[in-house]
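Structure, as structure tokens:
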Amino acid sequence: MKKTAPHILNASTNLLGFCLVIITSLKISKFNHSSYLDEFTVGAILCLMMSCAFSFLAIRTNKEKLSDKLENIADILFFVALLCITLAVCIVSIDVV
């Protein structure tokens with residue numbers, strides 16, 4: 001089975017930085033729908049942080065079954081974070097248009 005934990009860790013950390021930039025820019029610009037964007041962005045941040053932690057633990061553990069479980073959890077959390085980011089982008093797109 002292919003190990004995806006290093007890829008999840010890399011992508012999660014990159015997207016975590018992206019989400020932190022989004023939340024900072026929302027606070028600076030005082031965007032109209034910031035409450036919804038804040039909620040989705042914070043949800044993405046929390047999921048990405050947990051995804052980073054689980055994928056790191058999956059890489060570091062020596063037990064194969066535990067590594068697979070941690071990797072699956074990291075994968076699911078990463079997908080949920082992607083959904084949150086997608087919803088935030090949709091809200092921004094609707095507001096701009």
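Index from 1, following the sequence.
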Contact summary for T13 and C52, nearest pair of heavy atoms:
CG2-SG, 3.6 Å
Minimal non-hydrogen separation, G43 against C84, with atom names:
C-SG, 4.2 Å
Applying side chain to side chain contact (heavy atoms under 4.5 Å, CB included), can you list everything that pairs with [X], at least two apart in sequence or on another chain?
| X | result |
| --- | --- |
| K65 | none |
| T86 | C90 |
| N14 | N10 |
| I22 | F18, L26, T41 |

Are side-chain heavy atoms of K3 and D68 found at a separation under 4.5 Å?
yes
Minimum side-chain heavy-atom gap L87-Y36 below 4.5 Å
no
Scan the side chains in residues 44-51 for donor-acceptor partners under 3.5 Å anywhere in the protein, sequence neighbours excluded, and list what turns up.
from, atom 1, to, atom 2, distance (Å)
S51, OG, S12, OG, 3.1
S51, OG, A74, O, 3.0

List, by chain and number, the other hydrophobic cluster members for F79, where Ile, Leu, Val, Met, Phe, Trp and Tyr join if side-chain heavy atoms come within less than 4.5 Å, directly or indirectly.
L83
Using the side chain to side chain donor-acceptor pair (under 3.5 Å) rule, collect all pairs that involve residues 52-63, keeping only residues at least two apart or in two chains.
none
Decide side chain to side chain contact (heavy atoms under 4.5 Å, CB included) for L77 and F54; before the verdict, give the C-alpha distance in whole Å, the side-chain angles of both, and the deciding distance to 0.1 Å.
CA-CA 9 Å; L77 288 168; F54 282 115; 3.6 Å; yes
Between L15, I73, L9, which is the residue that forms a side-chain contact (heavy atoms from CB on, under 4.5 Å) with F78?
L15
Salt-bridge contact E64-K69 (side-chain N to carboxylate O under 4.0 Å):
no
